[in-house]
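Down below is the structure, laid out as structure tokens.
Numbering of ligands and ligand atoms starts at 1, following listing order. Side chains included, hydrogens not; waters and symmetry mates left out as well; all remaining heavy atoms used.
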Amino acid sequence: MSPHRPTADPSKACMRILDANANRAAEGLRTLEESARFVLCAHALTADLKSLRHDLTNAMSRLSRVELLRARDTGRDVGTTTTTPGEQSRTDIVSIVSAATGRTQQALRCLEEYGKTIDGVFAASVEQIRYRCYDVFASLELVFMAGNRRHARLHDARLYALIDASENEQAMIERIRLLADAGVDILQLRDRHVDDRTLYQRASVGSCVARENDVLWIVNDRADIAAASSADGVHVGQEELPVAEVRRIVGADAIVGLSTHDIHQVREAFASTADYIGCGPVFPGQTKQFEHFPGCEFLREVATETSNAQHFAQVRPAFAIGGIGPSNVCDVVETGFGRIAVTGALSGSSARENAAVLRTTLETVALPEHSAAAITP
Ligand SMILES: Cc1ncc(COP(=O)(O)OP(=O)(O)O)c(N)n1
Ligand SMILES: Cc1ncsc1CCOP(=O)(O)O
Ligand SMILES: [Mg+2]
């Protein structure tokens with residue numbers, strides 16, 4: 001037979017496809033498992049990937065190994081000589097991981113589709129594996145993305161301060177430096193009283209100063225100004241543009257925060273591309289007036305929701321907000337929250353002392369490691 005004639009027997013061709021894709025999926029899973037095990041040292045992700053690989057082996061055991069091996073014919077495979085330039089270049093581990101996740105998903109889909117012609121139960125079990133892979137792969141890629149400076153900083157953040165545009169640029173710069181030095185991780189420019197031009201100028205200067213001082217710089221409400229000023233991100237509420245539209249403006253690498261006031265909004269936020277959530281208002285404060293306070297009860301609900309989540313991809317860092325200061329931060333911590341956002345407590349002359357008390361108290365709550373395991377808000 002000429003090496004490139006089509007395979008005459010369709011069921012043999014199917015077995016050939018199944019054999020090739022079983023190998024491809026197993027190799028992909030092993031590649032990912034090694035990254036979780038040796039690069040991230042993440043126990044839960046390593047265990048998830050190992051169990052997926054074993055379950056694939058079990059699913060494959062429904063098919064005849066003899067028939068699969070007989071159908072294998074690498075010498076006649078026209079695909080072995082066609083490579084794309086992309087296949088030969090992997091610039092870093094993230095690109096290895098994303099290539100392996102894509103290849104594994106494709107291989108699983110082929111196993112499922114062609115498997116349907118041989119054994120429906122086999123196809124159904126591959127489908128289950130494919131669905132589980134979506135979650136585990138998302139977790140793995142997110143953990144690798146957390147290697148990106150912004151996301152790593154966000155995931156370690158505990159203390160978030162909202163500041164206004166100040167009397168003048170110099171005053172704002174000094175404020176940023178003082179708060180960064182006092183241990184604040186994230187700063188948000190929130191000022192509804194200045195015009196757009198001033199807000200843009202302060203946001204631009206703030207971006208540079210915040211970066212020099214290793215704090216994240218977020219602009220409140222305005223995706224356009226966040227993008228134009230090269231801020232690290234933008235924070236929006238339930239009344240502003242939806243997260244998907246905000247994301248189109250600021251891009252994939254920017255941080256997008258979303259305010260939530262009840263558990264349904266939290267679930268929606270976790271299903272969106274928001275990178276973190278604000279939860280509150282918890283207590284009455286001087287900065288903004290509210291009629292309704294979801295309070296600590298809401299924080300407890302969020303803590304329960306996130307601790308029940310199986311995958312890192314399903315939860316985001318959550319910051320309690322509203323009237324929080326040194327006198328009541330213990331009540332927040334008691335709900336399981338280890339992150340807060342504040343205005344009043346860090347706006348006056350006691351900012352440095354207050355930041356120290358807040359941080360010390362918040363640090364009594366463990367933050368999740370960057371893996372699928374042990375997720376807390
Ligand atoms: C971290 C953080 N959480 C919540 C808010 C409140 O946002 P929003 O509900 O849109 O209210 P305004 O701040 O726009 O008045 C926030 N700004 N930051
Ligand atoms: C903007 C905002 N959204 C909910 S509470 C709040 C104000 C936070 O400031 P403070 O810490 O002074 O209550
Ligand atoms: Mg808002």
Of [options], which has the heavy atom at the shortest distance from [atom]?
atom                    : options                        : value
atom 14 (O) of ligand 1 : His235, Glu240, Arg192, Arg339 : Arg192
atom 12 (O) of ligand 2 : Asn220, Thr287, Ile321, Leu162 : Thr287
atom 13 (O) of ligand 2 : Gly323, Pro284, Gly285, Gly278 : Gly323

Steps toward side-chain hydrogen bond (donor to acceptor under 3.5 Å, both in side chains) verdict (Thr273, Arg247): CA-CA 8 Å; Thr273 67; Arg247 177 65 70 198; 3.1 Å; yes
Please check if any side-chain donor atom of Ser259 sits under 3.5 Å from a side-chain acceptor atom of Gln238, or the reverse. no
Within ligand 1, which atoms have a heavy atom of [X] less than 4.0 Å away?
X      : result
Asn220 : 12 (P), 13 (O), 14 (O), 17 (N)
Ser259 : 4 (C), 5 (C), 6 (C), 7 (O), 8 (P), 9 (O), 10 (O)
Arg190 : 12 (P), 13 (O), 15 (O)
Asp221 : 10 (O), 14 (O)
Gly278 : 3 (N)

Is there a polar contact between ligand 1 and [X], counting only N or O atoms under 3.5 Å apart?
X      : value
Gln188 : yes
Lys288 : yes
Gly237 : yes

For atom CZ of Arg352, is the number of surrounding heavy atoms from other residues, nucleotides or ligands below 6.0 Å larger than 12? yes
Flag if over 12 foreign heavy atoms under 6.0 Å of CZ, Phe298: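 Enclosed.
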Per-atom contacts of ligand 2 with [X], taking only distances under 4.0 Å to non-hydrogen atoms:
X      : answer
Gly344 : 10 (P), 11 (O), 12 (O)
Arg190 : 1 (C)
Gly322 : 5 (S), 13 (O)

For Gly280, state whether at least one heavy atom is located under 4.0 Å from any atom of ligand 2.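 No, that is not the case, since the closest heavy atom of the residue is not under 4.0 Å from the ligand.
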Close approach of Phe290 to ligand 2, heavy atoms, under 4.0 angstrom: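 Under 4.0 Å: yes for Phe290.
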Thinking salt bridges, do Glu112 and Arg109 make one under a 4.0 Å N-O criterion?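 The answer is yes: the pair qualifies as a salt bridge.
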Answer yes when Glu27 and Arg24 have at least one side-chain N-carboxylate O distance shorter than 4.0 Å, and no when they do not. no
Would you please test Arg359 and Asp185 for salt bridge (charged side-chain N to carboxylate O under 4.0 Å, His left out) and show each step? CA-CA 10 Å; Arg359 264 209 95 87; Asp185 303 294; 3.0 Å; yes
When you measure from atom 8 (C) of ligand 2 to every protein heavy atom, which one gives the shortest distance, and what is it? Thr343 OG1, 3.5 Å
Applying a strict 4.0 Å limit to heavy atoms, is Phe319 in contact with ligand 1? no
To 10 degrees, how wide is the angle OD1 (Asp221) to the Mg ion (ligand 3) to OE1 (Glu240)? 80°
Do the ring planes of Phe290 and Phe293 sit parallel (below 30°), tilted (30 to 60°) or perpendicular (above 60°)? perpendicular
In this structure, which one of Arg192, Gln188, His235 forms a side-chain hydrogen bond (donor to acceptor under 3.5 Å, both in side chains) with Asp221? Arg192
Let me know which of Arg132, Gln128, Lys50 forms a side-chain hydrogen bond (donor to acceptor under 3.5 Å, both in side chains) with Asp55. Arg132
Looking only at heavy atoms, which two atoms of Asn354 and Ala345 are closest? And how far apart? ND2-O, 2.8 Å
Validation row: Phe319, Phe337 side chains within 4.5 angstrom (heavy atoms): no
